[in-house]
Peer 1: 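First the structure, which I've put down as structure tokens, then a few questions once you've had a look.
What you see is a predicted model; the values in this text were computed from it and never measured. In what follows, every heavy atom counts, from backbone to side chain, and hydrogens, waters and symmetry copies are set aside. Quick note on labels: first sequence line is chain A, next is B, and so on, each numbered from 1.
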There are 2 protein chains.
Amino acid sequence: MDYKEGRARIIDAWGQLGTNWGISRTMAQIHALLMLAPEPMTTDDIIAELQISRGNVSMSLRSLIDWGIVRKVYKPGQRKELYESEKDVWELATQVAKERRRRELDPIIRVLEDVQGIEDNTVMKSKVTEMNKMTKQLLKFSKQSDKLLSLFIKSEENWFFGKVLKLLK
Amino acid sequence: MDYKEGRARIIDAWGQLGTNWGISRTMAQIHALLMLAPEPMTTDDIIAELQISRGNVSMSLRSLIDWGIVRKVYKPGQRKELYESEKDVWELATQVAKERRRRELDPIIRVLEDVQGIEDNTVMKSKVTEMNKMTKQLLKFSKQSDKLLSLFIKSEENWFFGKVLKLLK
DNA sequence: TATAAATTTCAATAAATATTGAAAATTAGA
DNA sequence: TCTAATTTTCAATATTTATTGAAATTTATA
């Protein structure tokens, strides 16, 4: 397998992974492209490589910047803006974890807290009891995951995997 | 907030969460409904509660069963099939983790292994070098995550969170 | 500041995904 | 086995999501 083919396979797999995680294929592909590139790229480079429209590239880059995993860089004597991906995989992962926590885990915890201990006489008691039982469990699990995530986000790669994987033994 | 409103909020939030994770809203909502129900439900119950078509319910239930988080149960004297969700949140989480590992992490690891150490003289050397550097990092991280996941999947809730969260101190 | 290059926005459109509903298949009980 | 209840399938349709492309805006520099 040569460079071109290898790169295409990764971009493809990354795009697939993206859609499984609720991220548009194109956005994930642009990310893969930047991640593998030795130098920051311009919008036109990306358009040429992936054969997609300027508007799409502009919007996808904005999203990637909002996720905190791509940044603009400026090169003296170059009018066009350049984009580069975070290259450190640990940084990438913790940044994505941080964002997903904020966007998904925090909101669901808020909902679960709001519905704790509902009382209601208008319906069968067993329904209320069962719902309370489940939401209590879900909230407990969510909060524990939240703690685990904050540990993950703050820690350093070797320390985290080192410590956690030692538990395997 | 009464039972009905609370339940609606959870079903809604679960549906939202689903779409963020590449799962159809309806499928996640059916799961939430079953999770909160004190008794197994029939297809008709679900149709009535969520106001969706029979075909949709049939297909979504099949998917949930494929994920391993919903099962059919049979009740004597009842012709219709009944469905119930896994109720133990830890079981739910580890089952989802197991499936996602199989469906997503395993395939990406295979791709990353396939592209390790590509050599190519037809393009700028720096591109090949950079890609190799990234895919090596990505593979290492993926394998470590795989180990962590297998620890998570095999362990018991209190043990896992107990051990891991002790690292916070 | 004027101009042209570059970027962003967003309505229109395309593509992907989810949903319906009725026909086909399956199943349990008579 | 036959029949009616139940479930599944899948082509048609609807909905959602992604993408385009050209106009509007912004930006760098002459």
Peer 1: Show the distances under 3.5 angstrom between N or O atoms of the protein and N or O atoms of nucleotides 16-23 of chain C.
Peer 2:
{"from": "C:dT19", "atom 1": "OP1", "to": "B:T26", "atom 2": "OG1", "distance (Å)": "2.4"}
{"from": "C:dT19", "atom 1": "OP2", "to": "B:T26", "atom 2": "OG1", "distance (Å)": "3.0"}
{"from": "C:dT19", "atom 1": "O5'", "to": "B:N56", "atom 2": "ND2", "distance (Å)": "3.4"}
{"from": "C:dT20", "atom 1": "OP2", "to": "B:S53", "atom 2": "N", "distance (Å)": "2.7"}
{"from": "C:dT20", "atom 1": "OP2", "to": "B:S53", "atom 2": "OG", "distance (Å)": "3.0"}
{"from": "C:dT20", "atom 1": "OP2", "to": "B:N56", "atom 2": "ND2", "distance (Å)": "3.2"}

Peer 1: Output all residues satisfying salt bridge (charged side-chain N to carboxylate O under 4.0 Å, His left out) with A:D146, sequence neighbours left out; order by chain, then residue number.
Peer 2: A:R101
Peer 1: Which atom names give the shortest non-hydrogen contact between B:R7 and B:E49, and what distance separates them?
Peer 2: NH2-OE1, 2.6 Å
Peer 1: Tell me every residue that passes side-chain contact (heavy atoms from CB on, under 4.5 Å) with A:N121, counting only those two or more places apart in sequence or in another chain.
Peer 2: none
Peer 1: Given a cutoff of under 4.5 Å between side-chain heavy atoms of I, L, V, M, F, W and Y, with clusters grown through shared members, what are the other residues clustered with A:L82?
Peer 2: A:V73
Peer 1: Using the test salt bridge (charged side-chain N to carboxylate O under 4.0 Å, His left out), find all partners of A:R25 that sit at least two apart in sequence or belong to another chain.
Peer 2: none
Peer 1: What pairs with B:S126 under side-chain contact (heavy atoms from CB on, under 4.5 Å), at least two apart in sequence or on another chain?
Peer 2: A:P38, B:M124
Peer 1: How are the rings of B:W90 and B:F160 set to each other: parallel, tilted or perpendicular (split at 30° and 60°)?
Peer 2: tilted
Peer 1: Quick one: salt bridge (charged side-chain N to carboxylate O under 4.0 Å, His left out) partners of B:R102, sequence neighbours excluded?
Peer 2: B:E99
Peer 1: Mind calculating the distance between NZ (B:K80) and C1' (C:dG29) to the nearest angstrom?
Peer 2: 16 Å
Peer 1: Could you list the residues that satisfy salt bridge (charged side-chain N to carboxylate O under 4.0 Å, His left out) with B:K133, not counting sequence neighbours?
Peer 2: B:E130
Peer 1: Does any residue of residues 64-78 of chain B have a heavy atom under 4.0 Å from DNA chain D, and if so, which ones, in number order?
Peer 2: B:K72
Peer 1: Taking CD1 from B:I47 and C1' from D:dT6, how many angstroms apart are they, rounded to a whole number?
Peer 2: 11 Å
Peer 1: What is the distance, to the nearest angstrom, from the CG atom on A:L61 to the C1' atom on D:dT19?
Peer 2: 15 Å
Peer 1: Could you check how far CG of B:L82 sits from C1' of D:dA5, rounded to whole Å?
Peer 2: 15 Å
Peer 1: Write down the distance between CZ (A:R62) and P (D:dT19), rounded to a whole number of angstrom.
Peer 2: 16 Å
Peer 1: Please report, rounded to the nearest Å, how far the P atom of D:dA5 is from the CG atom of B:D44.
Peer 2: 13 Å
Peer 1: Tell me, which pairs form a salt bridge (charged side-chain N to carboxylate O under 4.0 Å, His left out) where one or both residues lie in residues 8-18 of chain B, sequence neighbours left out?
Peer 2: A:D114-B:R9
Peer 1: Detail all sub-3.5 Å separations between protein N/O atoms and N/O atoms belonging to nucleotides 24-27 of chain C.
Peer 2:
{"from": "C:dT27", "atom 1": "O2", "to": "B:R79", "atom 2": "NH2", "distance (Å)": "3.0"}

Peer 1: List the atom pairs, with distances to 0.1 Å, where a side-chain N or O of residues 59-72 of chain A and a protein N or O form a donor-acceptor pair under 3.5 Å, not counting sequence neighbours.
Peer 2:
{"from": "A:S60", "atom 1": "OG", "to": "A:N56", "atom 2": "O", "distance (Å)": "2.9"}
{"from": "A:S60", "atom 1": "OG", "to": "A:N56", "atom 2": "OD1", "distance (Å)": "3.2"}
{"from": "A:R71", "atom 1": "NE", "to": "A:E84", "atom 2": "OE2", "distance (Å)": "3.1"}
{"from": "A:R71", "atom 1": "NH1", "to": "A:E86", "atom 2": "OE1", "distance (Å)": "3.4"}
{"from": "A:K72", "atom 1": "NZ", "to": "A:E81", "atom 2": "OE1", "distance (Å)": "3.4"}
{"from": "A:K72", "atom 1": "NZ", "to": "A:E81", "atom 2": "OE2", "distance (Å)": "3.3"}

